[in-house]
Amino acid sequence: MSQSDPFRLAERFGRYLRVTDVTDGLDALGRAELCLMCRQIRPLWLGLRFWGPAVTLRVLPTNRPMPILTREQALEQHAIWSRMGGFAARVEDQVKPGCVIVTSTGGARECGFFGSNNSLALAAAGVVGIVTEGYCRDSDELIAQRSPVACAGIGRTIIPGRVQVMEVQTPISCGGVMVRPGDIVGCDFDGCVVVPIEIAEEVLAIAARIAVEDKKSRRQLYERLGKPPDQSVDWQAAAEFFKDLL
């Protein structure tokens, strides 16, 4: 497996690097302002962090309502919407272990596209992160499940009669940033960032040096303050992991 393989690269981004380290690496290459998703897109819970190649999903607001349903039909709303053409593509068919699903919503109004059930199903298929410029729902369960969701807001409503899935694995805009299939997407509590795959190796090399130097400096400050060291200042482990890049 070559260094340029996006899954191999994402594994390296995911060890020891913060979004800020990678942002600084993008800055060095003149790209940071072009690759930072808007600040409204936030991880749903403190401690959430992930890196992975993007699988893109384009969703648009619909111009068709759902029909009025009987009690029995109410349990089949997603199936009915699918028969009406509401799901023109299936992102589930494109996922690979280690990927991040990134969703463009076309300015759709409140719609909890990702919830407690489908986020678990995606995680079971190997998805390590979900990023949407729209909404998620079932937020209590998502947090309790530690589902890896970053979103712009919390919603209450379901998909049928509100949005249509148009296509997958196509270039999209999410949070004001272009995202293409295979670009490296990262998230922590500082927000979300996209690393274009063609510069990912160089960004990784720069970010690794920044991270090691930061950890080393803060380790010295920990010692001056009498603070016990933690993983965030283990610069030796980071230096060993990135030794081919330092």
Side-chain angles (χ1 to χ4, degrees), residues 1-43 48-58 94 96 98-107 127-134 148-152 168-218 232 235 238-239 241-246:
M1 187 178 296
S2 70
Q3 173 85 342
S4 59
D5 178 84
F7 288 91
R8 178 67 176 273
L9 280 169
E11 288 178 9
R12 302 206 73 186
F13 275 93
R15 293 282 299 276
Y16 301 108
L17 297 185
R18 306 165 297 184
V19 163
T20 50
D21 299 320
V22 176
T23 300
D24 292 350
L26 287 162
D27 247 341
L29 300 179
R31 298 285 190 107
E33 299 303 323
L34 303 175
C35 298
L36 294 178
M37 290 189 183
C38 68
R39 294 201 56 79
Q40 287 75 18
I41 300 177
R42 306 288 303 162
L48 172 60
R49 62 185 305 273
F50 55 77
W51 293 89
V55 170
T56 61
L57 173 64
R58 189 169 73 91
Q94 302 296 324
K96 296 179 180 179
C99 73
V100 172
I101 294 180
V102 184
T103 307
S104 169
T105 59
V127 173
V128 298
I130 296 169
V131 179
T132 176
E133 61 183 5
V149 177
C151 57
V168 298
Q169 291 298 67
T170 187
I172 62 170
S173 168
C174 182
V177 174
M178 179 188 288
V179 187
R180 301 163 302 173
D183 285 342
I184 307 298
V185 178
C187 172
D188 63 23
F189 205 66
D190 286 334
C192 297
V193 65
V194 180
V195 182
I197 189 62
E198 65 270 18
I199 61 169
E201 291 187 36
E202 185 66 13
V203 172
L204 176 66
I206 297 170
R209 296 183 177 209
I210 291 170
V212 169
E213 289 303 310
D214 177 83
K215 293 176 187 300
K216 185 184 295 186
S217 174
R218 287 191 297 110
S232 75
W235 70 268
F241 183 74
F242 291 122
K243 63 185 178 182
D244 59 315
L245 302 175
L246 303 180

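Any value given below was found using the heavy atoms of this structure, including those in side chains, with hydrogens, waters and symmetry copies removed.
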What one should report as the nearest heavy-atom pair of Val179 and Cys174 is CG2-CB, 4.2 Å

Please report the closest heavy-atom contact between Phe13 and Ala200, naming both atoms and the distance. CZ-O, 3.5 Å

Heavy-atom closest contact (Pro43 atom, Leu48 atom, distance): CB-CD2, 3.7 Å

For the student: nearest non-hydrogen atoms of Val177 and Leu36, plus distance: CG2-O, 3.1 Å

Assess whether side chain to side chain contact (heavy atoms under 4.5 Å, CB included) is satisfied between Leu29 and Ile206, documenting all intermediate values. CA-CA 9 Å; Leu29 300 179; Ile206 297 170; 4.0 Å; yes

Look up atom CD1 in Ile210 and atom CG in Asp24, then write down how far apart they are to the nearest 0.5 Å. 4.5 Å

Atom CG of Asp188 and atom CZ of Arg42: how far apart are they, to the nearest 0.5 Å? 9.0 Å

Could you tell me the separation between the CD1 atom of Ile197 and the CG atom of Leu9, rounded to the nearest 0.5 Å? 5.5 Å

Check: Arg18 main-chain N/O paired with Asp21 side-chain donor or acceptor under 3.5 Å: yes

Out of the candidates Leu204, Val195, Val22, only one should pair with Ile184 under the side chain to side chain contact (heavy atoms under 4.5 Å, CB included) rule; please name it. Val195

Taking Gly14's backbone N and O only, do any of them form a donor-acceptor pair with Arg49's side chain (distance below 3.5 Å, no angle check)? yes

If you take all heavy atoms of Lys96 and Phe7, which pair is closest and at what distance? CB-CZ, 3.9 Å

Quick one: are Cys187 and Val100 in side-chain contact, heavy atoms under 4.5 Å? no

Of the non-hydrogen atoms in Ala54 and Val185, which two are nearest, and what is the gap between them? CB-CG2, 3.8 Å

Can you tell me how far OG1 of Thr23 sits from CD of Glu33, rounded to the nearest 0.5 angstrom? 9.5 Å

Using a 6.0 Å distance limit plus a 45 degree cone around the ring axis, check whether Arg12 lies over the aromatic ring of Phe241. yes

Closer than 3.5 angstrom, by distance alone: can the side chain of Arg58 be matched with the main-chain N or O of Val168 as a donor-acceptor pair? no

Does some side-chain heavy atom of Phe242 sit less than 4.5 Å from a side-chain heavy atom of Leu17? yes

For a side chain to side chain contact (heavy atoms under 4.5 Å, CB included) check, start with the C-alpha distance between Val102 and Cys192, then their side-chain angles and the critical distance, and finish with the verdict. CA-CA 11 Å; Val102 184; Cys192 297; over 6 Å; no

Tell me if a side-chain donor or acceptor on Thr56 pairs with a main-chain N or O of Thr170 at a distance below 3.5 Å. yes

For Glu133 and Ala152, indicate whether the former's side chain and the latter's backbone hold a donor-acceptor pair under 3.5 Å. no

When rounded to the nearest 0.5 angstrom, what is the spacing between CH2 in Trp51 and CD in Glu11? 14.5 Å

One should read off an interatomic distance between Ile101 CD1 and Thr132 OG1, to the nearest 0.5 angstrom, of 10.5 Å

Which residues pass the salt bridge (charged side-chain N to carboxylate O under 4.0 Å, His left out) test with Glu202, not counting sequence neighbours? none

Is Arg31 reaching over with its side chain to a backbone N or O of Pro196, donor-acceptor style, under 3.5 angstrom? no

Could you tell me whether the side chain of Asp183 and the main chain of Val194 form a donor-acceptor pair under 3.5 Å? no

Does the side chain to side chain contact (heavy atoms under 4.5 Å, CB included) test come out yes or no for Thr103 and Ile172, once each step is laid out? CA-CA 8 Å; Thr103 307; Ile172 62 170; 5.9 Å; no

